[in-house]
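I have placed the structure first, in the form of structure tokens, so that the comments after it can refer back to it.
None of the values given here were measured: they were computed from a predicted structure. Numbers restart at 1 for each chain; the letters A, B, ... are given by sequence-line order, proteins then strands.
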2 protein chains.
Amino acid sequence: MEVTKKNFPQILEELENVIPASEFLAIDGEFTGLNKGEEVTAFDTPALYYEKLRKGSSEFLIVQFGLCAFLYDEKRKKFTHKAYNFYVFPKPPDQRGTEKCFKSQVSSIHFLVENGFDFNKLYRDGIPYLRQDEEKRLREKLEEKHKASSSAKNCSNGDANDVIPVPADKAEFIEDMCTRIKNFLSEEGKEELTLEGCNGFVRKLMYQEVSERFRGVRLETRKAAGGDRILVASRLGTNEEEQQRLKDLQLAEIQDLDSAVGFSHVIRMLSQSGKLLIGHNMLLDICLIINQFCTELPESYLEFKQIVSFLFPRLLDTKYMSFCEPFKSLVSSTVLGHLQKTLSEPPFESIKADPAEDGYGYSADSDKYHEAGYDAYVTGLCFLTMVQHLGLKLTSEKLLLSASPLLKPFFNRLYLMRVLDHPFISIDENEPELPRDHVFHVTFPKEWKTHDVIQLFSPFGRVFVSWLNDTSAYVSLENRDQAKLVLRTLTQSDTYRVIPYKRHQMLKQPSPPSKKQQTKPSMKRLRTEKDMVTGKGGIGTIPEEDEELEVPNQGVLWHELISKCFLQLFLILFLTLPCLIFGLTFLAIYQVMYTHIHFLSLGG
Amino acid sequence: MEVTKKNFPQILEELENVIPASEFLAIDGEFTGLNKGEEVTAFDTPALYYEKLRKGSSEFLIVQFGLCAFLYDEKRKKFTHKAYNFYVFPKPPDQRGTEKCFKSQVSSIHFLVENGFDFNKLYRDGIPYLRQDEEKRLREKLEEKHKASSSAKNCSNGDANDVIPVPADKAEFIEDMCTRIKNFLSEEGKEELTLEGCNGFVRKLMYQEVSERFRGVRLETRKAAGGDRILVASRLGTNEEEQQRLKDLQLAEIQDLDSAVGFSHVIRMLSQSGKLLIGHNMLLDICLIINQFCTELPESYLEFKQIVSFLFPRLLDTKYMSFCEPFKSLVSSTVLGHLQKTLSEPPFESIKADPAEDGYGYSADSDKYHEAGYDAYVTGLCFLTMVQHLGLKLTSEKLLLSASPLLKPFFNRLYLMRVLDHPFISIDENEPELPRDHVFHVTFPKEWKTHDVIQLFSPFGRVFVSWLNDTSAYVSLENRDQAKLVLRTLTQSDTYRVIPYKRHQMLKQPSPPSKKQQTKPSMKRLRTEKDMVTGKGGIGTIPEEDEELEVPNQGVLWHELISKCFLQLFLILFLTLPCLIFGLTFLAIYQVMYTHIHFLSLGG
């Protein structure tokens, strides 16, 4: 079911029944971009991964939200589904609102268009939304405005002194407009008079002149088709009529704000239902859902986990699930389409779930990948198939929610793409400290290939190379005991430089990520990205060969050291110099005096 | 004529004749946003205005470019036109390219959609473009790649040592794929074999296994419909066939890059033609044209003017023109639609220009405002009508280019919206130093209205108030002599604070503009924006009334002063302390010695 702002009110009402009745809910989002910040690397900790994701993606928008509710049909003893495909887009700002900006990534836009995404529909009919903090602020502003307009009624024209003299070059135009209003008032029958061709300044002058010259005329600024603003004059009613008019206007404004909360209602319903939410590779979805519909993503990783846990207490990521045994050995690729195909063949027995109602769903072979509703539907099917493969019976209802010990290991763990040793965020557990002593940051000439890096580390056994850009990579040792040997054995070289991972992280901290490296990915980097899709890369067998290695080149540290030491030197000098001068002076004077005394003594 | 990447090659060829044959060219752009940086104020200098525009708008895109060529039909002694409406959008990045991001402003997107803009067409069929620096970089990369692939042919498998062991959980899948390739090779007739379900890591393994196990097989990664990557196996040809294949491939890549320059060719043609370019309120157009198709906007304002002058030596902004006499007194609003209407009535005599060919233009009442081609067309008509009103004859060709002294004052001056006293950038003149001694920055309580500000300044005559946000505004005196008196008369107050404009600018310099103020415009600010459309605002008659005024509150300055003085104090102390110590020590010793000597002398 496609949902735009046109049919959203009905669907929202419907969801009030569908969500509580469902066994679990599958979700998926389509975004205007993925990550334009610093690239993640194979050795990022979950906390660092989150930080990069938060910084790199929070300006992108979810533009399509897929929700697929899976229901259990007790009569037919089968699962059915209801799928919704929401188009979501911010409302244009009115006088109460904040002007919103968002980012798009060219490749993501092309990807969506290629998959049939309708941007005209999105921009024209997208369902608006507000975060709770935004809603609160707007409600306060509206209340303030309503109070002010009520009190303005009671006090006499407070701004009477604030009169703008009509400039000579506008006088004729203003006179002409006023004559037209005068004629309009004297004629019966016409309800409104439209005055076009007035820019902002002229409109301001008109408000002023009309309130001075006429009684019983209301002037309003309206938006004409095409966005131009026009002035509309009409007759004032009786006092009671005007009071009622004001009330109606204020009520309409409140209703307008209510409806502006729009899609956020759906997210609030999902959150409040406490139902199991399924997604495929769902970390970015969860981040953008929170940021767009709930609250700004926090800087603190722990706070982020608390927020997720609070909003969505039961999550399951099918990408993470299929990455774990017993599925890992049976699944060649965890890309959603590939996974579905694998799960449709033995040893798996694919589950089907018909639409619960006509017009509300897909069939398993609809092949509408990258339409959010369809991806959510397929994710749910994959989940059911894997659950069945684990030996859980799908025939009895409420089974999935009864936290079976077979399912428990997969709950609340969100998959981290490209990460090597701990490729998931665990929402309600503390992550272990990840050892990085066996990882090194290596810089080298542009001409080097993986082979050259492997050569360099050949005395220390097999290594894993994770490219960062044309001239640097992280290298980890398979045999971790060799780590100290690497540092001891490395000797200086003009061609390459090896420093421990942790020191590289420390050195990176103060300066922002190099913009140049971000915006100009190289061939090698693009290659690496592909290699890293499954979090794996080139572990090479290394020929035994000697190569000159360097000790960590400390060139980079000097700047830091100098600037840090300068103040200390300065302070030391400041404290010792007076003492020195004092000492020397004392000696000098003593010398002179001594001679003097001596002389006097002798002479005396 | 609507131009997308489908008909662009023909149109480009056509323009090679149309542009040189035209009398002048009118342009217009539609953007994804306007300005999301710091707001311009009524007292910005042209240089400051440019800086704000550069920072606030350079991430937005021109998505539609309107070009209307005005030609002179010698036979009919009339102007004709050819209008083009180009959809422009970046190409998705390939392996050579840079991933591009852009910003959109929600209100601009809604505005375009309301005016019938087709975003699906834009994203699917938009004409690509490259700046010259981007083109150069890509050409270098491509050459490098072609060189590398030629030399790779000549050396034996250099990365032979870089072998990835096939993980156990992927072994079966890889074996299965290799069996399929083996079968494919033994069968005749089939040209290609498609291998689906391979993610990046599996593809890498496949390349490795195939090159080890088979001879005469080519493996390629292709993008399937929907964006998924698939592997395709095919038979290798003879050595000559393969050489030719490589050549063809490289040629195709070069042609691909040539075509990627796309719309930038049009801008280069406009620039090289040296023709008069007309636009309405064209500063932002010029900025975004330069930034998107030519070169990154420079930080230096002077450099910007040099670049504009170099690229587009003859510009005319009809908004600036209509803002000057003799038009100013006759035009109530310079909004393009309003201007066209005004110019269609006496005392003006509107000019018509029929399409030069069917399918190439508009009629004067097409009413397709905010379609870039139409806006360009209307701009050109307005220009012709104003030119005729100046007394220039339109009957003889080449007239417009012959820099008539009547037209000269309008050349190369770009209108600055909302600026009070110097509302234009003069591309080839130095701007005068703008006096700001009579302008003050005032902060006050949230409850204040224009009236209260006027009251505060009432002893000094009439003022102009330019709101900055809820609690601050710039105030300028009509009677500039009063400026010193303001500073002298102002006394301390807890409610408001008045400081000279220049000092406020100075204080602003070190800290970036307050984000909070940018993203949360208030009612008052929105109102001010409207008032300022024509660069005019509330000059109020001020009642004579006494009010306690404050001297510039220097609270804010203390922090700065302290931090600046601290170093100086420190240095002074550092230099004088030793002298002091020296002096005191000397005195002390001398005292002791003197006593000693005295004693000795006496005793001796």
Indicate yes or no: does A/K103 engage B/E59 in a salt bridge with an N to O separation below 4.0 Å. yes
Which atoms of B/E371 are under 4.5 Å from chain A, going by heavy atoms: the side chain, the backbone, both sets, or neither? neither
With a 4.5 angstrom heavy-atom cut-off, is it the side chain or the backbone of B/F102 that approaches chain A, or both, or neither? both
What pairs with A/Q105 under side-chain hydrogen bond (donor to acceptor under 3.5 Å, both in side chains), at least two apart in sequence or on another chain? B/E99
Which portion of B/F89 sits near chain A, non-hydrogen atoms under 4.5 angstrom: side chain
Under 4.5 Å from any heavy atom of chain B - which part of A/F173: side chain
Of all of A/F117, A/F119, A/F60, which one pairs up most often with chain B through heavy atoms under 4.5 Å apart? A/F119
If you count heavy-atom pairs within less than 4.5 Å of chain A, which of B/S329, B/P90, B/G33, B/S104 leads? B/S104
Calculate, to the nearest 0.5 Å, the distance between atoms NE2 and CZ belonging to B/H110 and A/R124 respectively. 11.5 Å
So, for B/K91 and A/V106, which heavy atoms are closest and what is the spacing to 0.1 Å? O-CG1, 3.6 Å
Holding to side-chain hydrogen bond (donor to acceptor under 3.5 Å, both in side chains), I want the full list of residues that pass it with A/K121, two or more places apart in sequence or in another chain. A/E2
Among A/V113, A/L339, A/N120, A/L330, which residue forms the greatest number of heavy-atom pairs with chain B at distances under 4.5 Å? A/N120
